[in-house]
Amino acid sequence: MAEALLQVHDLKKYFPIKAKWFQPQSFVKAVDGVTFSIMKGETVGLVGESGCGKSTTGRTLLHLIPPTGGEVIYKGKNLTKLSAGELRVLRKELQIVFQDPYASLDPRMKVRDILLEPLEIHGVGSKQERLKKVEEILEVVGLGGHYANRYPHEFSGGQRQRIGIARSLILRPSLIVADEPVSALDVSIQSQILNLLQDLQEQFSLTYLFISHDLSVVKHISDRVGVMYLGRLVEFAPKESLYASPAHPYTQALLSAAPVANPDAKPQRIILSGDVPNPSNPPGGCAFHTRCPYAIEKCKTDRPELKPVDQNGHFAACHLHES
Ligand code: SF4
């Protein structure tokens, strides 16, 4: 059986809301008890609507923002218990690719300096060796080494994302959190970047957490998929099982709204009533009960936990599956 590279247990990230002096402190529970693991060499996709907590989950598990609670175990080490110095050493192995290739690259820095920066911070090699690594990594992501002398504004969106990928890859990480890496790109460019990520995964034995709101993109690249709603995982399953037989009503609704390539198909779209509730004051019980077409009385009071719905690693948090 494959070994887990990363285990996330009951991860929480609460953001305080500025309260008036006579009011009790309240919080937005952006991530509220998320548990899953990622096997070595695997791609786990995280999907959900905007504001469901998927990006915060990615950043919190990397400790780019400190978690409010829970544990993140990477190669047997509990990241939440490490000192700042120990965490800094591990950062080489845990990298992120950001969504917006325009905002994530400093416009005042040449590509060479953008790529040299992580090597210098971590004291990798001599100056000559570092410059050689920059040229090599630009070749690896499909840009020539001669691009190193240019500024980010001289590149297209797809090329900038290649530079962002090169920056995350140059320290030879084990795990990359790809946070909506193609959603700011034209559809024609998206597939090139997805193919590049898949080629790099094979070439460098990478493990990915791939975050996206786009179900078809996640289906293309992932081995297993987690669906988030209001800071919690509501379903987690192997890709084939989740897309063929979604168990949670929220996943069913998301999938019914996804475009289908077959013009003869007549999809039965499930229309959800209402908007996503306010995350600072989520509904009690199952947080989805205000929009769920199958809600029963128990859903208003009892919060369902993620439980197996089959013997093949398919989990859902829904009272309908508890029997
Ligand atoms: Fe719907 Fe109840 Fe299941 Fe929540 S627990 S998804 S409200 S049926």
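Start at 1 and go down the list; that is how both ligands and their atoms are numbered. Keep in mind the model is a prediction, meaning the values are calculated, not measured. Index from 1, following the sequence.
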Query raised in the report: Does the side chain of Thr35 pick up a donor-acceptor pair with the side chain of Asp10 at under 3.5 Å?
Result: no
Report task. Applying salt bridge (charged side-chain N to carboxylate O under 4.0 Å, His left out), name anything that partners Lys75, two or more places apart in sequence or on another chain. Result -> Glu93
**Report entry** Polar side-chain atom of His248 near backbone of Ala317 as donor-acceptor pair, under 3.5 Å
**Finding:** yes
Query raised in the report: Looking at residues at least two apart in the chain, or sitting in another chain, which of them share a salt bridge (charged side-chain N to carboxylate O under 4.0 Å, His left out) with Arg224?
Result: Glu42
Report task. Look at the rings of Phe288 and Tyr229 and say which category their plane angle falls in: under 30° parallel, 30 to 60° tilted, over 60° perpendicular. Result -> perpendicular
Query raised in the report: Near ligand 1, which residues have a heavy atom under 4.0 Å away from one of its atoms?
Result: His248, Pro249, Cys286, Phe288, His289, Cys292, Tyr294, Ala295, Cys299, Pro304, Cys318, His319, Leu320
Just list the side-chain donor-acceptor pairs under 3.5 Å for residues 145-155, sequence neighbours left out, or say none.
residue: Asn149; atom: OD1; partner: Lys110; partner atom: NZ; Å: 3.4
residue: Asn149; atom: OD1; partner: Arg112; partner atom: NH1; Å: 3.0
residue: Glu154; atom: OE2; partner: Tyr151; partner atom: N; Å: 2.9

